Q: 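I am attaching a structure below and will ask some questions about it afterwards.
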Amino acid sequence: MLKLFFKIMDLDRRWIFLMVAVIVTIPLFIPSNPPIVPDRPVQELYNFIDALPEGTPIMICFDYSPDSLAELNPMGRALVRHAFSKNLRVIGLALAWPAASGLGLEIISSSAEEYGKIEGVDWAYFGYKIGYSQIVIGMGKNIAQTVQEDHKGLSLNNMEMFKEIKNYDDIGIVIDLAAGGSLGLFVTYVNTMYNRPVSTGVTAVMAADYYPYLQSGQIIGMLNGLKGAADYEKLVNRKGLATRGMASQNWAHIMIIILIVLGNISFLLTKKQQSKQ
Amino acid sequence: MGFWSVLGTLVAAVFTLAIFSFLYKDNPFYKAAEHIMIGVSVGYGLAQLYHLGFKPYLWNPVFKEAQYELLIPAAIGMLYFGFLHPKTRWLIRIPIALFMGIGSGFSIAPSMQAAIYTQLQATIIPLWQHGLTFGEALSNILIVVGVFTAIIYFFFSWKHKGVIGGLAKAGIYFLMIGFGASFGLTVMGRISLLIGRVIFLFQDLPKVIIGIF
């Protein structure tokens with residue numbers, strides 16, 4: 001037994017990579033239904049959106065690139081589906097990453113098709129806009145003047161939707177789907193400067209940085225990584241990519257916990273052995 | 001599925017496998033994928049900057065709408081290129097100073113409000129009051145004690161001895177728990193990304209391949 005623990009210290013890390021790959025892949029082929037209990041921050045955001053009156057626009061900023069889409073795409077899709085199912089209008093844009101432009105458009109346009117929503121009336125997509133903080137600040141004064149054109153190059157002034165929507169005051173909530181530090185900008189300007197509700201869906205890596213905003217009430221709810229996305233899918237009752245991945249996530253976490261425990265035991269035993277020698 | 005979508009999916013699969021091959025050991029497939037990715041990203045970014053920045057905000061207004069006043073900020077921006085020659089390197093201080101001034105003016109007040117005052121306010125909370133559940137009260141106590149002791153840890157004007165030393169030690173435990181939570185979330189995030197790729201390789205890709213035949 002002791003020998004096994006000593007061997008672990010010399011284990012080639014490629015075996016661990018292989019084990020993780022196997023443990024993540026197998027659950028995808030075995031039908032399972034792991035229990036998904038939505039966290040409180042997810043429920044809070046869901047409740048807020050659910051309570052918005054029909055026709056209220058919500059703004060979703062797709063601030064991530066394709067490398068983070070596994071976590072953030074399911075969130076975006078669940079949020080847009082929820083909004084359309086409640087007859088809310090959706091405005092989408094991308095500010096941080098040029099490559100996000102197509103991701104946001106695909107989510108909104110495909111969901112709009114499912115719910116029979118019309119572009120320019122029920123939804124609008126601005127695409128990637130250069131300027132970042134200037135755009136966020138400018139939209140607080142006048143969205144059409146700041147953004148000017150949608151992703152097709154059509155003037156916002158000619159869109160029916162923007163006859164009633166002037167600035168953040170006319171928007172129910174601004175949600176930043178963030179793979180980086182962009183949420184700080186929305187909290188600073190949209191929430192603090194313009195006093196409008198802000199929420200977020202973030203990659204798990206970023207989540208720890210944003211909990212203080214949640215505790216202080218500067219953001220309404222938060223979707224945290226794949227788990228947050230799966231929680232929201234559960235609430236909107238539409239299983240998607242995140243729900244499909246939860247079994248793999250559970251097993252991978254169990255394996256990592258076991259490896260951490262084994263690694264620590266091996267380390268302590270090796271240290272003890274060395275001190276004896 | 002259109003031809004370009006099928007091709008895109010196949011290219012994505014090949015590059016995913018090429019990047020994963022690094023887990024075994026460094027190899028030419030990984031290197032090629034890495035370099036192509038960097039090249040494509042830079043090229044895509046530059047094209048976006050040209051079409052969404054330079055053309056609509058400078059070229060079109062100046063040459064189609066005769067807004068010549070825009071040439072002034074454009075000229076200031078061009079001073080960044082002064083960096084290319086040692087004798088003109090000092091010129092980049094002008095646009096940097098301008099952007100620092102404008103940026104600071106816009107952000108200092110709301111940033112202080114968002115990141116300091118509101119955050120501080122959020123730590124001034126009741127440790128116990130009627131209506132709070134045990135969990136909420138415990139959470140409030142942990143927040144107050146955690147903030148206080150962590151600040152003590154970063155307070156270097158007194159030696160960390162005696163009571164101050166004890167509080168600083170408690171502070172470092174709180175920090176370590178925070179780092180642990182952050183690490184746990186990082187692991188969760190990386191596993192999620194792997195799940196995304198595995199779903200793509202084993203569930204989405206086969207559908208595309210079957211569709212071809």
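No hydrogens, no waters, no symmetry mates; every other heavy atom, side chains included, goes into these values. From a predicted model like this one, the values you see are computed outputs, not experimental measurements. Note on naming: letters A, B, ... go to the chains in the order of the sequence lines (proteins, then strands), and numbering restarts at 1 for each one.
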Q: Give, as side chain, backbone, both or neither, the part of A:Tyr213 having an atom under 4.5 angstrom from any heavy atom of chain B.
A: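 For A:Tyr213, heavy atoms of backbone and side chain both lie under 4.5 Å from chain B.
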Q: With a 3.5 Å distance limit and no angle check, can you tell me whether A:Ser32 reaches the backbone of A:Pro34 through a side-chain donor-acceptor pair?
A: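 Here the side-chain-to-backbone pair does not exist.
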Q: Is B:Thr123 in contact with chain A via its backbone, its side chain, both, or neither, using a 4.5 Å heavy-atom distance?
A: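 The answer is neither part of B:Thr123.
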Q: Within 45 degrees of the ring normal and closer than 6.0 Å to the centroid, is that where the cationic atom of B:Arg197 sits relative to B:Phe200?
A: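 Yes, a cation-pi geometry.
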Q: Using the six-membered ring wherever Trp is involved, compare the ring planes of B:Tyr80 and B:Phe99 and label them parallel, tilted or perpendicular (cut-offs 30° and 60°).
A: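 Correct class here is parallel.
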Q: With a 4.5 angstrom heavy-atom cut-off, could you sort out which part of A:Thr192 is near chain B: side chain, backbone, both or neither?
A: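 Contact with chain B: side chain only.
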Q: Is it the side chain or the backbone of B:Gln203 that comes within 4.5 Å of chain A heavy atoms, both, or neither?
A: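 It is the side chain, since no backbone atom gets that close.
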Q: Would a distance-only check, ignoring hydrogens and angles, find a side-chain to backbone donor-acceptor pair under 3.5 Å from A:Gln249 to B:Met188?
A: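 A pair under 3.5 Å: yes.
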Q: Is the ring pair B:Tyr153/B:Phe156 parallel, tilted or perpendicular, if the boundaries are 30 and 60 degrees?
A: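 It falls in the perpendicular class, over 60°.
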Q: Going through the checks in order, is the salt bridge (Lys or Arg N to Asp or Glu O under 4.0 Å) test met by A:Glu149 and A:Lys129?
A: CA-CA 10 Å; A:Glu149 294 173 346; A:Lys129 291 290 167 191; 5.3 Å; no
Q: Look only at the side chain of A:Tyr125 and the backbone of A:Ser101, and say whether a donor-acceptor pair between them is shorter than 3.5 Å.
A: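 Confirmed, A:Tyr125 side chain pairs with A:Ser101 backbone.
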Q: Does any backbone or side-chain atom of A:Thr203 lie under 4.5 Å from a heavy atom of chain B? Answer side chain, backbone, both or neither.
A: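 Contact with chain B: none, neither part.
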Q: A:Leu241 versus chain B, heavy atoms under 4.5 Å apart: side chain, backbone, both or neither?
A: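 Contact with chain B: backbone and side chain both.
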Q: Using a 4.5 angstrom heavy-atom cutoff, name the option from A:Pro212, A:Ser68, A:Ser248, A:Ser65 with the most pairs to chain B.
A: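 Result: the option with the highest number of such pairs is A:Pro212.
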Q: Can any side-chain N or O of B:Asn60 pair as donor or acceptor with the backbone N or O of B:Lys64 at less than 3.5 Å?
A: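 Not confirmed, B:Asn60 side chain does not pair with B:Lys64 backbone.
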Q: A:Gly217, A:Ala99, A:Gly225: which one forms the most heavy-atom pairs within less than 4.5 Å of chain B?
A: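 Most heavy-atom pairs under 4.5 Å with chain B: A:Ala99.
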Q: Looking at B:Pro110, B:Gly184, B:Gly178, B:Ser182, which one has more heavy-atom pairs under 4.5 Å with chain A than the rest?
A: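 Of the candidates given, the most pairs with chain A belong to B:Pro110.
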Q: Does any heavy atom of chain A fall under 4.5 Å from the side chain of B:Leu49, the backbone, both, or neither of them?
A: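 For B:Leu49, backbone and side chain are both near chain A.
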Q: Heavy-atom pairs under 4.5 Å with chain B - which of A:Asn224, A:Ile130, A:Asn191, A:Val20 has more of them than the others?
A: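 The option with the most such pairs is A:Ile130.
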Q: Got more than 12 heavy atoms from elsewhere within 6.0 Å of CE, A:Met19?
A: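 Buried by this count: over 12 neighbours within 6.0 Å.
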Q: For B:Ile143, which atoms come within 4.5 Å of any heavy atom of chain A: side chain, backbone, both, or neither?
A: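 Interface part for B:Ile143: side chain.
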Q: I'd like to verify something: which residue of A:Ser216, A:Ala21, A:Ser133, A:Ala252 has the highest number of heavy-atom pairs under 4.5 Å with chain B?
A: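 When all of A:Ser216, A:Ala21, A:Ser133, A:Ala252 are compared, A:Ser216 has the most.
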Q: Who wins among A:Asp209, A:Ile137, A:Asn73 for the most heavy-atom pairs under 4.5 Å with chain B?
A: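 Ranked by heavy-atom pairs under 4.5 Å with chain B, first place is A:Ile137.
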Q: Heavy-atom distance under 4.5 Å to chain B: side chain of A:Tyr128, backbone, both or neither?
A: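 It is both, since atoms from each part get that close.
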Q: Counting neighbours of OH on A:Tyr132 that are heavy atoms of other residues, nucleotides or ligands and sit closer than 6.0 Å, is the number greater than 12?
A: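 Yes - once you tally the heavy atoms of other residues, nucleotides and ligands closer than 6.0 Å, there are more than 12.
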Q: Checking heavy atoms, do the side chain of B:Phe20, its backbone, both or neither come under 4.5 Å from chain A?
A: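 It is neither, since no heavy atom gets under 4.5 Å.
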Q: Heavy-atom cut-off 4.5 Å, strictly under: side chain, backbone, both or neither for B:Tyr44 against chain A?
A: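 Contact with chain A is through the side chain of B:Tyr44 alone.
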Q: Please flag which part of B:Asp204 lies under 4.5 Å from any non-hydrogen atom of chain A: side chain, backbone, both or neither.
A: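 Interface part for B:Asp204: side chain.
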Q: Tell me if a side-chain donor or acceptor on B:Gln67 pairs with a main-chain N or O of B:Pro61 at a distance below 3.5 Å.
A: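 Absent.
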